[in-house]
Amino acid sequence: MGPPTLDDVSVEGATVGVRVDINSPLDESGRLGDDARLRAHVGTLSELLDRGAKVAVLAHQGRPGGDEFAPLGDHAERLDDMLDHPVSYTDATFSADARGAIEDLSPGEAILLENTRFYSEEYMELPSEEAARTFLVERLAPVLDAFVNDAFAAAHRSQPSLVGFPRHLPSYAGRVMERELDVLGAIEETPRPRVYALGGAKIADALDVATSVLERDLADAVLTSGMAGNAFLAADGVDVGRATVDPILDRDATAIEDAGELLEAYRGKFHLPSDVAVERGGERIELSVSELPAGEPALDVGSATVAAYADVLDDAGTVILNGPAGVYEDDRFAAGTRGIYGAAAETDTSIVGGGDTAAALRRLGIEGFDHVSTGGGAALQMLTGGELPAVEVLRRCA
Ligand code: 3PG
């Protein structure tokens, strides 16, 4: 059973804490870059504000010590532009100032509190009962009447702002969370044939998804591309060349061996690239697998592979995609991602994992999917059948 949602609560005049995930790429000057995650939460925030709630928004940005660890002033300005209701900002999260600012809100007003990860306790993964005893949660809960978790993209973390409040307050899934759980939680019911198109540079992720969905008999076909596709080619005995193999082994020493075991167990389900693209003399050159090894690394799948995968997708009832098919950031090597994702968008039911994959689609301007997840790690956890701690604690509120 799903967690309670905004349909189950009356928020008029109530002060609602809303955890969102607006963790976003920053540009070279440290300003907010891609604002897709902010746009995703506009529905939930607008609905609460339209319904007369006073909204205190909690969010993180980056990781301590990382380049993208930053305050949320820019995010607040952008949310203020996006919403028809005022959104203010305070550079405090749970201090007396922050609590005072929350108490000063009028119905229909929101405030974005400072980056939760500026406080070390937020960076610990804790059981919910311990998370409920952190300063952040204990100090904020008394000024809130309810908690809404809309941060699907962070739901695989059991950090205080994600799992602590439901122990103190009536708690609900926001609209982003609700939709993600509805779609990613019901893949087993989507029409067959069900095709998984797995690519990207995170080979371990592709292998984990493939293993999980094949073991659970969820996949009728697995189309491999990207570095993961190269690993499968090598595992299949193709001499792809050191320039392609070395980066795979640098990332994951057992990737080729693991891919080999999967191929052996589920040979009939796998589709491997029949051609690849390399850079030669500054140009994209396509080589059929029989022309390998090449001195250059394989940076994309070739057009014969795209055509063969498009044929498989033509007959598919559902496609689930995770990971780009090549180094799409370089336009010469974006054709595989464009071709495979373009064909997938035509399928009856098309579901796309978040993170790098969603970023690739935005950059290439490919649209038309039934669902593009907001979550990278969280979507992956659901695709591999895992539980999300922040959702489990919400479910207990049902
Ligand atoms: C994400 O971008 O995947 C989420 O915001 C979680 O971020 P994290 O991996 O730093 O916890």
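None of the values given here were measured: they were computed from a predicted structure. Start at 1 and go down the list; that is how both ligands and their atoms are numbered.
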#### Entry: Nearest-contact summary for atom 4 (C) of ligand 1 - protein heavy atom, Å
D21 OD2, 3.2 Å
So if I count the atoms of ligand 1 from 1 in the order they appear, which ones are less than 4.0 Å from some heavy atom of [X]?
| X | value |
| --- | --- |
| A153 | 3 (O), 4 (C), 6 (C) |
| N23 | 1 (C), 2 (O), 4 (C), 5 (O), 7 (O) |
| H60 | 4 (C), 5 (O), 6 (C), 7 (O) |

### Task
Check each of R63, R157, R37, Q61 against atom 10 (O) of ligand 1 and report the one with the nearest heavy atom.
R63
### Message
So which atom in L38 and which in H75 form the shortest heavy-atom distance, rounded to 0.1 Å?
### Response
CD2-O, 3.6 Å
### Salt bridge flag under 4.0 Å for residues D356 and R363
no
### Query
Between E47 and R51, is there a salt bridge with N-O shorter than 4.0 Å?
yes
### Query
Do other residues, nucleotides or ligands put more than 12 heavy atoms under 6.0 Å from the CZ atom of R39?
yes
### Query
N/O of R117 under 3.5 Å from N/O of ligand 1, yes or no?
yes
#### Entry: Test log, rule ring pair (Phe, Tyr, Trp, His ring centres under 6.0 Å), inputs F135 and Y119
CA-CA 9 Å; F135 286 107; Y119 302 92; 10.0 Å; no
